[in-house]
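A short write-up of the structure that comes next.
If you read the sequence from its start, that first residue is 1, and numbering goes on from there. Quick caveat: nothing in here was measured; it's all calculated off a predicted structure. Only heavy atoms go into these numbers, but all of them, side chains included; no hydrogens, no water, no symmetry mates.
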Amino acid sequence: MKDIYDTLEFNQVKNLISEYCVSMMAKELIVSLKPIEDYDDLLLQQQYLDQAMQLIYHYGRLPLAPFDDVEPLLKKANKDGTLLGQELLAIVYLLNNVKEVKEYLEDKDFDGQELLQLCQQLVLPRQLLANINHCIDSSGNVVDNASSKLKQLRRQILNLETNIRNRIEKIKTENKDYLSQENVATRNNHLVLPVKAGSKGNVKGIVHALSASGQTMFVEPEVIVQMNNQLVNVKEEERREVLRILKLLSSQVKDNYQDLRDNQELLVELDVIFAKARYGVKLNA
């Protein structure tokens, strides 16, 4: 027997509406919708829908941008886990949506109390948003200015790398007759010179590798070793400072755990409501 939902094209309509969602969570929620059985719930949903359509007609669509499910990240932070830069960006996307929705509703000549009350439950932890934006760039990297110490360490790394490069270029020029090729190479994250196997004693240093033919040794000049060791130490210090900053931001996410969870739940609900409303506006329903 043909499913009653198929007869009414209920599933097809749900699929059409789901295309107006910005989050996968809202899409899945719409696709799983069943007819409402509670009369009071039905009236409330109709009020939400009617008021959302009014807003769209007068002020344009709700400025929701795509956002991912941050629930696993919130649980991780709540257990004192450290969120990575990309994971903190997901928190930023969520909070940017909260900020945009709040600004969208500011100073609007609108009397849809039910929908306004729903939106007013959104909480924007401005300091958390500002702190993440200050420390994390759009690619999820911890920026130099995240702390004065990190800025100093990265400047030190840059200077060391420049000095090492200049020094090895000078050594290369001085020992060009002993090299099998002109280019400086990299082995085991160290800058090395391609020294002819027969000239081993002429370029003192640490042999990091041999060529497949055995005719070339890749030597890290002795004078460079100490500089590279210093570089390794500073990079390790930089790694610890980046981790400290990520831990601090993750702790702040934990402090806002409940608000962030509630915000996501509300944004998904608004995503569903305004997807229905946009579909209704399209049909002039």
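- Distance alone, capped at 3.5 Å, is enough to place a donor-acceptor pair between the K196 side chain and the D177 backbone.
- Between the side chains of E241 and S147, at least one donor N or O lies within less than 3.5 Å of an accepting N or O.
- In this structure a side-chain-to-backbone donor-acceptor pair under 3.5 Å is present from S250 to L83.
- A donor-acceptor pair is defined here as one N or O able to donate and one able to accept, closer than 3.5 Å; no such pair exists between the side chain of N141 and the backbone of D137.
- In this structure a side-chain-to-backbone donor-acceptor pair under 3.5 Å is present from D271 to S23.
- Of the possible polar contacts, one joining the K76 side chain to the T82 backbone as a donor-acceptor pair under 3.5 Å is found.
- Using modelled atom types, one side-chain atom of K14 and one backbone atom of L33 make a donor-acceptor pair closer than 3.5 Å.
- In terms of modelled atom types and a separation under 3.5 Å, the side chain of N263 and the main chain of D259 share a donor-acceptor contact.
- Looking only at distances, a side-chain donor or acceptor of K27 sits under 3.5 Å from a matching main-chain atom of S18.
- With sequence neighbours excluded, the residues that form a side chain to side chain contact (heavy atoms under 4.5 Å, CB included) with Q86 are L89.
- Judged purely by distance below 3.5 Å, without hydrogens or angles, the side chains of E237 and N233 never pair a donor atom with an acceptor atom.
- Taking hydrophobic clusters as Ile, Leu, Val, Met, Phe, Trp and Tyr residues chained together by side-chain heavy-atom distances below 4.5 Å, V207 does not share a cluster with V192.
- Side-chain heavy-atom separations under 4.5 angstrom define the hydrophobic clusters, and the remaining members of the one that includes I206 are V225.
- Other residues sharing a hydrophobic cluster with L43 under the 4.5 Å side-chain heavy-atom criterion for ILVMFWY residues are Y39.
- Through direct or relayed side-chain contacts under 4.5 Å between Ile, Leu, Val, Met, Phe, Trp and Tyr, L42 connects to I36.
- Residue pairs meeting the ring pair (Phe, Tyr, Trp, His ring centres under 6.0 Å) criterion with at least one member in residues 189-226, sequence neighbours excluded, are H190-H208.
- The hydrophobic cluster around V143 extends to none of the other residues, as no ILVMFWY side-chain heavy atom falls under 4.5 Å of it.
- Two residues are said to be in side-chain contact when any heavy atoms from C-beta on lie closer than 4.5 Å; K235 and E161 meet this criterion.
- Side-chain contact, N131 with Q127: a donor N or O sits under 3.5 Å from an acceptor N or O.
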